[in-house]
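The block underneath contains the structure these notes are about, expressed in structure tokens.
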There are 2 protein chains.
Amino acid sequence: MGAASVKWRCIFVLYYYFALDTITIKDIARALNLSTSTVSRALRDSYEINPETKRLVIEYAERLNYRPNPIALSLRENRSRVIGVVVPQIANNFFSQVINGIEAIAYNRGYHVIIFQSHESFEREVLTVQQAVARKADGLLISLSSSTSDVTHIRELQEKKLPIVLFDRVAKELDSISVTADNFEAAFAATEHLIQTGRRRIAHITIPPYISITQERLAGYRAALEKYGIPYDENLLRYAGFGQNEVEPIIDDLLGQSPDAFFAASDRLALGTLAALKKRGIAIPGQVSLIGFTNTPVADLLAPPMSTVEQPALEIGQVAAEQLINLIEGKYKGLQPERIKIPTRMVVRESSVVDVDAKSNVN
Amino acid sequence: MGAASVKWRCIFVLYYYFALDTITIKDIARALNLSTSTVSRALRDSYEINPETKRLVIEYAERLNYRPNPIALSLRENRSRVIGVVVPQIANNFFSQVINGIEAIAYNRGYHVIIFQSHESFEREVLTVQQAVARKADGLLISLSSSTSDVTHIRELQEKKLPIVLFDRVAKELDSISVTADNFEAAFAATEHLIQTGRRRIAHITIPPYISITQERLAGYRAALEKYGIPYDENLLRYAGFGQNEVEPIIDDLLGQSPDAFFAASDRLALGTLAALKKRGIAIPGQVSLIGFTNTPVADLLAPPMSTVEQPALEIGQVAAEQLINLIEGKYKGLQPERIKIPTRMVVRESSVVDVDAKSNVN
DNA sequence: AACGTTCCCGACAACGTTTGCGTGAATAAA
DNA sequence: TTTATTCACGCAAACGTTGTCGGGAACGTT
């Protein structure tokens, strides 16, 4: 009895410990009476292995479903085939679409993606980037948090020659490849559209000023105003953070400046603005026009359907991933880091279409 | 000249190769004239190391910002501190929120998250799961693809004792921990709400029938009908795939059955239904009511604001991650695998609010 | 003085893989 | 027959870390 129970316990323990145990090159070597080096070379189809031996090894490996241990490879080759992606928030349509694009390219080129979130916090961004480095990511795709004004933590990594590509929220101070939407053009087009439909007092509600896209979009906005001889009124400009209820008071405040249009620089802000305006019973586009920067697929279904500048999120992710992997694999030896701008697309919907009468009135 | 250029090239090469080189335990040992074992023990605060030596080592390590190499640790300990997440699509509000929840918990408990997408394809799911295993993930969080009817690829892993937790799209055949919304209750509540507002011919448009949630939701729908003595009419039931334009013809088809309400079993389907109905000029809720299963934050801003059953995506992710990590860390020795249901919340908005007159007419 | 403890520390193996080098055997060339 | 050459394979080191073992020195106990 005792002996039997011990026996069963042993079997259980063995099963438990070895069941998940994937087969290694050593197992193959032992089974075939070869050395690990021979097996390794056979699997890599080295010329210095007898074809017959190769056949044996490969057959056996396939039969037992051998998979090389990527961790051992990483340790040896000092590369992980992992790229780290640092975004402010995953649960944001824009970023999840970008990640989608990244993953597609990475997958095709044999890399995996580890996601890190900075939660719009500078401190967490620093920590998270360190984590990614400690995890031995081969390269980093970063979109800066909105509270990041100091980028030395990134610069240090660049100086250590860690491949880095920035996307969307980039920093001018960093001399790296960057991939963004053409924010200037997009903002210019949106503003111009509002002007051409007769609007003059165009409020611009945007995200914190540190990050690059804010400045580019603001520049586009101002350039359009200037082109049409409309003076820039900084009372019509507001920065909104990422809190829950930040938008409403800002809208209230802006309404005091009697704007006839709102240009919101992000998805979240556009929706917040729409909600606030509706809540206050302000007619869109009757009293004010609205156009947003967005990636929501439902702009069409809103009330009213919302004009937007669409950012090619998927494409940004794809291009950024391609650039990074090229960088990792050393295909850019001497070239200058490039700043890539992906064109956007403006979709005019009801929220900014002023009918002819109203337009002539306004004018 | 030649010698100088060679010298510079050497320096460049050295710099290039060693700049990123993080410091190892060996470097510390060499610098302090100790053995690697001593350094290792000193850093782990072993009792058998002289306090003075410890101080020296720890000081030096901190000064040079030593970080243990997680890859070496993984190789040695046969664990990666990585959890693999397999979802049909990242760029889906529900899943990105789930991932958000997963990441939050994983981060706190010292794990990282690698994302895999099955793109709703069975073949890619199998491949991707294999990838995750080959990558030595310590455990897997899986939401099955809609085309997955055979789950042997998952079962095999379970039999190999790989910790697995299923969420949202689970399979009854698999004896594992699962975390889902309470789909039956949610569907029951939604249907009951439609009935209580006077609807009788309630169309149900849902996702492919293999996956668990479809069946649970359908069961809830039917149970509500039964409770109110309304015969189940299978002509009012439609399955939609994940193609671009699948919803519209289905709606057209359903409209032939003169329904007075639509209950859509997913976010995407609800929005597609809304779009199709609007396109056809059908008044909501005048002619038909609409209620969706959704996670979109903009339901309120739609025209009309859409009634929804909200799934607690973030919470599902958190609970699933917790369960998995407990499983990985062996905290469940003998316990039965649990099927956890997270309660949902129904939010009634205009799209299903029938005014009194209309209601009495319909009745 | 002989012995047992305690304290600190180093050597070594192991995790899975690749690779430079060495080597015995068979073959070819002299 | 001797000497090169080619072929096919094994040995050992390395990647960074931890744990087992063992051992020298200093101390305390008979």
Side-chain angles (χ1 to χ4, degrees), chain A residues 17-58 60-61 64-82 110 133-138, chain B residues 17-58 60-61 64-82 110 133-138:
Chain A
Y17 279 111
F18 292 110
L20 227 160
D21 222 71
T22 44
I23 187 174
T24 75
I25 230 171
K26 283 188 187 175
D27 301 325
I28 303 181
R30 214 175 308 134
L32 267 46
N33 249 324
L34 292 168
S35 74
T36 57
S37 5
T38 305
V39 175
S40 171
R41 277 187 278 247
L43 290 172
R44 327 197 98 248
D45 201 26
S46 161
Y47 67 97
E48 49 179 342
I49 299 294
N50 189 317
E52 176 62 10
T53 314
K54 272 186 201 170
R55 199 185 54 75
L56 241 61
V57 170
I58 292 174
Y60 189 84
L64 295 205
N65 198 27
Y66 167 78
R67 295 272 175 279
N69 184 331
I71 295 180
L73 281 176
S74 293
L75 183 59
R76 212 195 124 81
E77 297 176 356
N78 206 26
R79 67 200 302 244
S80 57
R81 290 202 159 271
V82 159
V133 175
R135 269 266 162 195
K136 300 282 173 188
D138 289 343
Chain B
Y17 279 111
F18 292 111
L20 226 160
D21 221 73
T22 43
I23 187 175
T24 75
I25 231 172
K26 283 189 188 175
D27 300 326
I28 303 181
R30 212 174 309 134
L32 266 48
N33 247 325
L34 292 167
S35 75
T36 57
S37 355
T38 305
V39 175
S40 171
R41 278 186 283 247
L43 291 173
R44 330 195 97 248
D45 201 27
S46 161
Y47 66 97
E48 48 180 343
I49 298 294
N50 189 319
E52 176 61 12
T53 314
K54 273 187 200 169
R55 199 184 54 72
L56 240 61
V57 171
I58 291 172
Y60 189 84
L64 295 207
N65 199 28
Y66 166 77
R67 294 272 176 277
N69 183 330
I71 294 180
L73 282 175
S74 293
L75 183 60
R76 190 167 207 289
E77 298 175 354
N78 205 26
R79 65 197 307 244
S80 57
R81 288 202 160 272
V82 160
V133 175
R135 269 269 162 194
K136 300 281 172 190
D138 289 343

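No hydrogens, no waters, no symmetry mates; every other heavy atom, side chains included, goes into these values. Just so it is clear: chains get the letters A, B, ... in the order the sequence lines come, proteins before strands, and each one is counted from 1.
If you measure from atom CD1 of B:I28 to atom C1' of C:dG10, you get 17 Å, rounded to the nearest angstrom. Rounded to whole Å, atom C1' of C:dT17 lies 14 Å from atom CG of A:N78. Following rounding to the nearest Å, A:L73 (CG) and C:dG16 (P) show an atom-to-atom distance of 12 Å. Across the protein-nucleic acid pair, A:D45 atom CG and C:dT18 atom P stand 13 Å apart, rounded to whole Å. Note: CG (B:N69) to C1' (C:dC15) measures 13 Å, nearest angstrom. Note: CD1 (A:I71) to P (D:dT17) measures 15 Å, nearest angstrom. Rounded to an integer number of Å, the gap from NZ of B:K136 to P of C:dC15 is 13 Å. Across the protein-nucleic acid pair, A:R135 atom CZ and D:dG16 atom P stand 17 Å apart, rounded to whole Å.
When side chains are defined from C-beta on, A:N69 counts as touching B:K136, because their heavy atoms get closer than 4.5 Å.
Mapped onto DNA chain D by nearest heavy atom, B:R44 and A:L75 fall at different nucleotides, with A:L75 at the one closer to the 5' end.
For the pair B:I58 and B:A42, the tightest heavy-atom approach, listed with the atom from each and the gap, is CD1-O, 4.0 Å.
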Protein proximity profile, nucleotides 7-14 of chain D - base contact B, sugar-phosphate-only contact S, no contact -, cut-off 4.0 Å on heavy atoms
-BBBBB-B

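Of the candidates D:dT17, C:dT18, C:dG16, the closest approach to any side-chain atom of B:Y66 belongs to D:dT17.
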